[in-house]
Each structure stands twice: as structure tokens, then as C-alpha cells.
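Beneath this line is the structure, given in C-alpha cells, with notes to follow.
Count residues from 1 along the sequence. Predicted, not measured: the structure shown is a model, and the values here were computed from it.
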Amino acid sequence: QVQLVESGGGLVQPGGSLRLSCTASGTIFGIRAMNWYRQAPGKGRELVAASTAHGVTDYGDSVKGRFTVSRDNAKNTAFLQMNNLKSEDTAIYYCHFNVQTTPGGNFNLYWGQGTQVTVSS
């Protein structure tokens with residue numbers, strides 16, 4: 001069993017910054033993708049940022065130049081640094097990891113519980 005626990009959400013003014021973290025625990029032999037999604041009220045879940053085990057990153061168009069994803073593989077942790085936040089960034093943010101739980105076994109997808117980010121003056 002693998003659990004992803006997120007932290008770092010909260011209320012911030014437009015133009016402010018937040019840093020989210022997501023840590024996986026359980027029986028873990030490897031993690032490939034460490035990704036971040038978000039879901040605003042009335043909208044579907046959208047990809048915010050993606051990272052590979054080799055350091056390749058990708059971002060949704062709406063956050064390019066403002067958000068940065070990073071990872072600490074030794075700690076099974078991903079981070080999302082969010083700068084110059086806008087009201088339209090308000091959403092629940094979810095981490096999403098591709099995790100190997102047995103030696104040489106399959107990689108399976110796991111979701112964090114979500115953390116609320118609210119951008120308002």
C-alpha cells in the first residue's frame with residue numbers, strides 16, 4: 001500500500017507565492033513520474049506540472065514561467081513552487097505519482113488527498 005500526503009496549501013494574495021509538497025510512503029522500489037494536477041470548481045482535473053525521474057519537466061500553458069516542479073528522490077517527495085499567483089489558480093491541487101511497489105514489478109498510479117489553494121485579496 002502506498003499513500004501520498006500533501007501539504008503547503010492555504011490562502012494567499014494575488015502575486016504571492018506558495019510551495020506545495022507531496023511525500024509518498026509505503027513499500028516503494030521506484031518512482032517514475034511525479035506530477036501535479038489541479039481541479040477548480042466546475043472544471044475537470046488538469047495537468048499543472050510533470051516531472052520524470054531524469055529531471056525532464058513540463059507545464060500547463062497557464063502556469064508556464066510561474067510554477068516550478070522539483071523532486072527529492074531520496075525522500076520520495078515532489079514540490080511545486082508557485083509564484084505570482086493569480087485568482088484563476090484557485091483550486092484543489094493533487095499530486096500524482098507512478099510508483100513501483102515490488103522489485104522489477106509494475107508501476108502503478110497513486111493520488112494524493114488534495115490540498116486547497118485559494119488566491120484572493
Side-chain angles (χ1 to χ4, degrees):
Q1 184 74 28
V2 173
Q3 297 83 40
L4 308 187
V5 178
E6 304 176 41
S7 64
L11 176 65
V12 65
Q13 290 185 295
S17 298
L18 285 173
R19 185 175 68 184
L20 308 183
S21 65
C22 179
T23 298
S25 63
T27 303
I28 299 171
F29 288 85
I31 302 178
R32 287 178 175 170
M34 291 181 172
N35 304 323
W36 291 92
Y37 288 76
R38 68 185 182 189
Q39 188 164 18
K43 298 182 179 180
R45 194 167 295 186
E46 67 170 334
L47 179 68
V48 176
S51 68
T52 74
H54 304 293
V56 177
T57 60
D58 194 22
Y59 299 90
D61 288 340
S62 63
V63 307
K64 288 179 179 177
R66 300 188 296 119
F67 290 11
T68 303
V69 61
S70 61
R71 55 197 285 167
D72 185 339
N73 290 312
K75 297 181 178 180
N76 296 323
T77 298
F79 303 93
L80 184 67
Q81 179 67 45
M82 304 184 292
N83 297 325
N84 192 24
L85 284 160
K86 304 175 180 179
S87 61
E88 52 263 43
D89 296 317
T90 296
I92 301 175
Y93 284 71
Y94 299 90
C95 54
H96 188 239
F97 289 5
N98 194 345
V99 182
Q100 184 184 48
T101 59
T102 59
N106 294 329
F107 286 77
N108 300 117
L109 297 170
Y110 297 88
W111 289 97
Q113 83 282 0
T115 185
Q116 177 70 48
V117 172
T118 302
V119 184
S120 177
S121 60

Side chain proximity check, N73 to M34, heavy atoms < 4.5 angstrom | yes
Hey, could you give me the CG/OG distance between L47 and S62, rounded to the nearest 0.5 Å?
-> 9.5 Å
Taken to the nearest 0.5 Å, the spacing of L109 CG from R32 CZ works out to 11.0 Å
Is there side-chain contact between F97 and T77, with at least one heavy-atom pair below 4.5 Å?
-> no
Heavy-atom nearest pair, L80 first then A49, reads CD1-CB, 4.0 Å
Quick one: salt bridge (charged side-chain N to carboxylate O under 4.0 Å, His left out) pairs with a partner in residues 87-100, sequence neighbours left out?
-> R38-D89, R66-D89
Hey, quick one: are Y37 and L4 part of the same hydrophobic cluster, counting side-chain heavy atoms closer than 4.5 Å, chains of contacts allowed?
-> no
Is it the case that more than 12 heavy atoms not belonging to K64 sit under 6.0 Å from its NZ atom?
-> yes
Rounded distance (nearest 0.5 Å) linking atom CZ of F79 with atom CH2 of W36 = 9.0 Å
To the nearest 0.5 Å, atom CZ of F29 lies from atom CD of Q100 at 8.0 Å
Are the side chains of S25 and N76 in touch, meaning some heavy atoms are under 4.5 Å apart?
-> no
Are Y93 and V12 connected, step by step, through hydrophobic side chains (Ile, Leu, Val, Met, Phe, Trp, Tyr) whose heavy atoms are closer than 4.5 Å?
-> yes
To the nearest 0.5 Å, atom OG of S21 lies from atom CG of D72 at 11.0 Å
Donor-acceptor contact below 3.5 Å, side chain E6 vs main chain G114 | yes
Minimum heavy-atom distance between N83 and S17, given as atom pair plus value | OD1-OG, 2.9 Å
Starting at CG of N98, measure out to CD1 of I31 and round the result to the nearest 0.5 Å.
-> 9.0 Å
Would you call T101 and Q1 a side-chain contact if the rule is heavy atoms closer than 4.5 Å?
-> no
Indicate yes or no: at least one non-hydrogen side-chain atom of T23 is less than 4.5 angstrom from one of V5.
-> no
How would you list all residue pairs meeting disulfide (SG to SG under 2.5 Å) that involve residues 61-121, not counting sequence neighbours?
-> C22-C95
Take the angle between the ring planes of W111 and Y94 and call it parallel below 30°, perpendicular above 60°, tilted in between.
-> perpendicular
Do K86 and V119 come within less than 4.5 Å of each other through their side chains, counting heavy atoms only?
-> no
Side-chain (R71) to main-chain (A33) donor-acceptor, under 3.5 angstrom = no
Of all heavy-atom pairs linking I92 and Q116, the shortest is CG1-OE1, 3.3 Å
What pairs with Y110 under ring pair (Phe, Tyr, Trp, His ring centres under 6.0 Å), at least two apart in sequence or on another chain?
-> none
Residue that, paired with V69, satisfies side chain to side chain contact (heavy atoms under 4.5 Å, CB included) out of L20, N35, T57, V48 = T57
